[in-house]
Amino acid sequence: LLRRRPGQAYLLEAAPSQLDVALQAVRAALLCPHDPPCGQCWACGTEPHPDWQEVGPAGSRAIGRDAVKGWPEQALVPATVAAVRVFVVREAHRLTPEAGNLLLKLVEEPPLHVVVVLTSDGLHPVLPTLRSRCRWIPIRGGQRQADASVLDTETWEDSDWADRLPAAAEALRAEIL
């Protein structure tokens, strides 16, 4: 990842059962200091990372402007540990138009050290102004498809996590790069 520059805005479409592991793989692909991603270090884990910001809806509510209002300013701050800072919006189809407009500048003209990841289940439309500026990565179906079998967490046992996460991260890293 440090040798090649990732794109800066992605729309990751995944079934709800695959979203958590898909985001974990994105985190490993972008933040893990190992090549290939190890799936076991703290950067690959679930604990807070200073270069990973994430918002999502609370229950069935929309994601309002307040949830992302500080992001344009935070994006100006360089990454602290990894090569990039990552801003993630879970269920981006729930963004209000006001929140979407606030994110639009970040998606259109992010600093070189910023990657924006929007997620959707593929069943609900993401604001067209955001969708048109993102590289689409479907985890299931569609014109391009990352290796969905690698990301099918419904078949994973707890003991599989450490073994399968690196392969999932590599599948997504191939799409991102």
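Below, each value reflects all heavy atoms present in this structure, side chains not excepted, and no hydrogens, waters or symmetry copies. What you are looking at is a predicted structure, and each value in this text was computed from that prediction instead of being measured.
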Among residues at least two apart in sequence or on other chains, which ones pass salt bridge (charged side-chain N to carboxylate O under 4.0 Å, His left out) with R131?
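Result, salt bridge (charged side-chain N to carboxylate O under 4.0 Å, His left out) vs R131: E13.
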For E98, all residues meeting salt bridge (charged side-chain N to carboxylate O under 4.0 Å, His left out), sequence neighbours excluded:
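Salt bridge (charged side-chain N to carboxylate O under 4.0 Å, His left out) check on E98 returns nothing, list empty.
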Nearest-0.5 Å distance, [atom1] of residue [X] to [atom2] of residue [Y]:
{"X": "L19", "Y": "D121", "atom1": "CG", "atom2": "CG", "result": "9.0 Å"}
{"X": "C44", "Y": "R27", "atom1": "SG", "atom2": "CZ", "result": "8.0 Å"}
{"X": "H124", "Y": "R94", "atom1": "NE2", "atom2": "CZ", "result": "7.5 Å"}

How does the hydrophobic cluster around L76 look, that is, which other residues are in it when side-chain heavy atoms under 4.5 Å mark a link?
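Grouped by the 4.5 Å side-chain rule, L76 forms a cluster of one, so the answer is none.
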Give the other cluster members for W42, using side-chain heavy-atom distances under 4.5 Å between Ile, Leu, Val, Met, Phe, Trp and Tyr residues; answer none if it is isolated.
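V81, all in the cluster of W42.
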Give a yes or no on whether the backbone of [Y] and the side-chain of [X] come within a donor-acceptor separation of less than 3.5 Å.
{"X": "H113", "Y": "V77", "value": "yes"}
{"X": "Q8", "Y": "P111", "value": "yes"}
{"X": "S120", "Y": "E91", "value": "no"}

Could you tell me which residues satisfy side chain to side chain contact (heavy atoms under 4.5 Å, CB included) with T129, sequence neighbours excluded, listed by chain and number?
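Side chain to side chain contact (heavy atoms under 4.5 Å, CB included) check on T129 returns L104, L127, R133.
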Any residue meeting side chain to side chain contact (heavy atoms under 4.5 Å, CB included) with P78, in chain and number order, not counting sequence neighbours
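Residues passing side chain to side chain contact (heavy atoms under 4.5 Å, CB included) with P78: none at all.
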Where do L31 and A43 come nearest, in terms of heavy atoms and distance?
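Result for this residue pair: O-CB, 3.6 Å.
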Of all the heavy-atom pairs spanning L95 and G100, show the shortest one and how long it is.
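Nearest pair, atom of L95 first, then G100: CB-N, 4.4 Å.
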Any residue meeting side chain to side chain donor-acceptor pair (under 3.5 Å) with K69, in chain and number order, not counting sequence neighbours:
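For K69 there are no side chain to side chain donor-acceptor pair (under 3.5 Å) partners, ignoring immediate neighbours.
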Going by side chain to side chain donor-acceptor pair (under 3.5 Å), name the residues that satisfy it together with Q53, two or more places apart in sequence or in a different chain.
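Result, side chain to side chain donor-acceptor pair (under 3.5 Å) vs Q53: none returned.
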Those residues that, when tested against W52, pass ring-ring contact (aromatic ring centres under 6.0 Å, His included) (two or more places apart):
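W52 satisfies ring-ring contact (aromatic ring centres under 6.0 Å, His included) with no other residue.
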Salt bridge (charged side-chain N to carboxylate O under 4.0 Å, His left out) contacts in which one or both residues fall within residues 39-56, not counting sequence neighbours
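Those involving residues 39-56 are E54-R90.
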What residue pairs, at least two apart or across chains, pass salt bridge (charged side-chain N to carboxylate O under 4.0 Å, His left out) with a residue in residues 70-89?
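Counting only pairs at least two positions apart or across chains, no salt bridge (charged side-chain N to carboxylate O under 4.0 Å, His left out) contact touches residues 70-89.
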Test log, rule side chain to side chain contact (heavy atoms under 4.5 Å, CB included), inputs V117 and L23
CA-CA 9 Å; V117 179; L23 281 176; 4.3 Å; yes
Within the 4.5 Å heavy-atom criterion, are [X] and [Y] side-chain neighbours or not?
{"X": "L103", "Y": "V116", "value": "no"}
{"X": "C41", "Y": "H34", "value": "yes"}
{"X": "W71", "Y": "V55", "value": "yes"}

List, one per line, each side-chain donor-acceptor pair under 3.5 Å for residues 61-68, sequence neighbours excluded.
none

